[in-house]
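Letters A, B, ... are given to chains in the order of the sequence lines, protein chains preceding strands, and every chain is numbered from 1. Nothing here was measured: the structure is a model prediction, and the numbers come from that model.
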Protein chains: 2
Amino acid sequence: MIKIDSTTQTCSNCPIRPRAICSRCTGEELDELGKIKYYKTYSPGASVVLMGDPMTFVASVVSGVATLSRSMADGRMQMVGMLLPSDFIGRPGRDIASFDVTAVSELTLCHFHKRAFEKVTSSTPHVQERLVEIVLDELDATREWMLLLGRKTAREKIASFLLICARRLGTQEGESLQMSLPLTRDAMSDYLGLTIETVSRQMAALKRDGVLVLEGTRKVTIPDLNRLLDEAGDDSDGATLP
Amino acid sequence: MIKIDSTTQTCSNCPIRPRAICSRCTGEELDELGKIKYYKTYSPGASVVLMGDPMTFVASVVSGVATLSRSMADGRMQMVGMLLPSDFIGRPGRDIASFDVTAVSELTLCHFHKRAFEKVTSSTPHVQERLVEIVLDELDATREWMLLLGRKTAREKIASFLLICARRLGTQEGESLQMSLPLTRDAMSDYLGLTIETVSRQMAALKRDGVLVLEGTRKVTIPDLNRLLDEAGDDSDGATLP
DNA sequence: CGGGGGCTTGATGAGACTCAAGAGCGGTGG
DNA sequence: CCACCGCTCTTGAGTCTCATCAAGCCCCCG
């Protein structure tokens with residue numbers, strides 16, 4: 001994991017610049033944002049925001065993994081987003097958090113005071129534009145996830161999850177593709193709308209059938225990406241690596 | 001249903017102004033938009049856009065109901081959005097449709113040529129701002145829907161659906177609340193990630209238990225809204241009428 | 001009256017959940 | 001160095017919800 005030192009970190013050497021909310025900013029605009037930003041690190045399991053809390057900031061994920069989730073009174077919970085580096089947290093124009101945000105790993109966020117951020121967005125079209133793009137992309141991804149939750153089998157859900165991870169985290173190794181899963185089995189079950197037992201069983205089944213190779217519980221190798229694509233049940237289009 | 005005559009319809013008497021993409025516009029900005037808009041009507045079942053199609057326009061729903069859905073190669077499908085009057089279709093900055101859009105009832109849309117619309121948004125912050133709001137609201141709603149798809153029981157799903165409808169379509173009648181369901185049983189099943197048979201059975205069960213009263217298949221009366229809230233399994237907060 | 005579309009009802013079965021044990025693994029301390 | 005613990009993960013047996021398959025009903029329309 002990339003180590004961020006909050007005291008020396010500056011926008012000019014920021015690892016997430018190309019994809020983040022500030023990607024289109026001019027030097028001047030960056031200075032504006034720079035004045036109102038501050039870094040903060042959370043340890044695994046720590047809560048960043050709880051649903052219903054007043055939201056005084058927005059933020060970008062700099063490093064680590066966080067989850068966005070919602071839970072019901074009786075304890076059932078559903079993850080509604082997985083936040084990886086460059087993803088954006090919070091929403092201008094809303095004062096109360098609608099979801100829980102939790103650090104899954106060591107997590108560093110680049111915060112902006114919300115009020116100040118809102119002032120910046122209304123005066124710098126570049127941020128506003130990028131915000132629309134980010135939110136629309138997220139909406140697309142979320143809708144795709146609805147298909148998974150509503151209609152896919154457990155096996156297809158696991159395969160789809162692996163694909164999502166591969167797209168953002170995988171590294172090519174000749175024919176095959178390697179990655180380290182960003183979530184525990186438990187968090188995976190929350191994401192996929194399954195139980196941890198079902199996740200475990202289906203991972204075992206995919207391994208038995210040669211779709212994936214496991215090394216420990218987190219390191220996964222995909223020998224044949226097309227095979228995984230088939231298992232995910234997606235249409236072949238729109239399901240390629242970036 | 002409100003009848004729209006495309007030849008005489010003007011922005012100044014538009015029924016969806018208060019909530020639509022143009023709600024914040026000044027008279028001048030409206031003129032800009034007015035120049036590039038055109039109305040179009042679709043009959044029930046008609047396809048507005050198919051996934052993969054080039055998208056040359058964006059649009060607002062003026063009257064009627066449309067659905068946003070995604071389907072799998074083997075025919076399974078999941079509705080990912082229900083579009084009611086004032087809702088927005090399409091996204092600036094994306095040329096290919098990611099989902100199917102289908103008219104469920106007689107449907108009238110207010111179209112804008114996408115290229116032209118993009119020019120307008122980049123020059124009029126009011127449209128851009130409203131667009132961010134609309135998209136963020138939709139993202140919230142979509143995420144809430146994920147909880148439903150991933151974790152709720154069939155009965156809770158139906159109750160939640162009725163609540164959503166009540167919020168946007170219901171009319172108070174003393175203690176109770178009346179509405180006409182915007183979707184067929186079939187479309188409801190697509191929305192809720194269920195089969196039509198399960199929808200039918202659960203509607204029957206809720207009726208048997210006095211949670212709702214049916215008149216025909218579409219007209220529903222909710223005698224006690226709190227009862228329905230309980231059945232939906234939501235936390236009591238965030239689940240009130242607007 | 002016949003037919004079709006939308007909806008309901010019934011019987012059966014499969015897939016995922018629940019509950020319950022046990023395995024693997026890293027850390028800690030005697 | 002090894003026994004013990006706590007954690008995550010896996011595996012197994014039984015159960016239940018919801019999907020599937022198959023009729024049948026209701027209402028409108030020709």
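- Judged by distance alone, with hydrogens and angles left aside, the side-chain atoms of Thr142(B) form a donor-acceptor pair with the main-chain N or O of Glu138(B) at under 3.5 Å.
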Contact string for nucleotides 7-13 of chain D, one letter per nucleotide 5' to 3', B = base within protein heavy-atom range under 4.0 Å, S = sugar-phosphate only, - = neither, reads --SBBBB
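- First and last contacts of DNA chain C with chain B, using any nucleotide atom under 4.0 Å from a protein heavy atom and ordered 5' to 3', fall at dC7(C) to dA11(C).
- Ring orientation note: the planes of His111(A) and Tyr38(A) are close to parallel, at an angle under 30° on the 30°/60° scale.
- Look at Arg76(A) and Glu156(B) and you find a salt bridge, because one of the NZ, NE, NH1 or NH2 atoms lies within 4.0 Å of a carboxylate O, short of that distance.
- The pair Arg19(A)-Asp137(A) fails the salt-bridge criterion, with no side-chain N (NZ, NE, NH1 or NH2) lying under 4.0 Å from an Asp/Glu carboxylate O.
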Verdict with supporting geometry, Asp140(B) and Arg94(A), salt bridge (Lys or Arg N to Asp or Glu O under 4.0 Å)
CA-CA 11 Å; Asp140(B) 280 358; Arg94(A) 155 92 34 115; 2.7 Å; yes
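- Only at 4.0 angstrom or more do the heavy atoms of residues 145-152 of chain A sit from any atom of DNA chain C, so none qualifies.
- Residues forming a ring-ring contact (aromatic ring centres under 6.0 Å, His included) with Tyr42(B) (at least two apart in sequence, or on another chain): none.
- Remark: the backbone N or O of Thr217(B) is paired with a side-chain donor or acceptor of Arg185(B) at under 3.5 angstrom.
- Between the Asp87(A) side chain and the Leu84(A) main chain, a donor and an acceptor come within less than 3.5 Å of each other.
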Going 5' to 3' through nucleotides 24-30 of chain D and flagging B where a protein heavy-atom sits under 4.0 Å of the base, S where only the sugar-phosphate is that close, and - otherwise, we get -------
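- No donor-acceptor pair closer than 3.5 Å links the side chain of Trp145(B) to the backbone N or O of Gly81(B).
- Judged purely by atom type and a 3.5 angstrom limit, Arg143(A) has no side-chain atom pairing as donor or acceptor with the backbone of Leu68(B).
- Within the 3.5 Å criterion, the main-chain N or O of Pro85(B) finds a donor-acceptor partner in the side chain of Arg168(B).
- A search for ring-ring contact (aromatic ring centres under 6.0 Å, His included) contacts involving Phe112(B) returns Phe117(B), not counting sequence neighbours.
- The interatomic distance linking Arg76(B) (CZ) with dA19(D) (C1') rounds to 12 Å, in whole Å.
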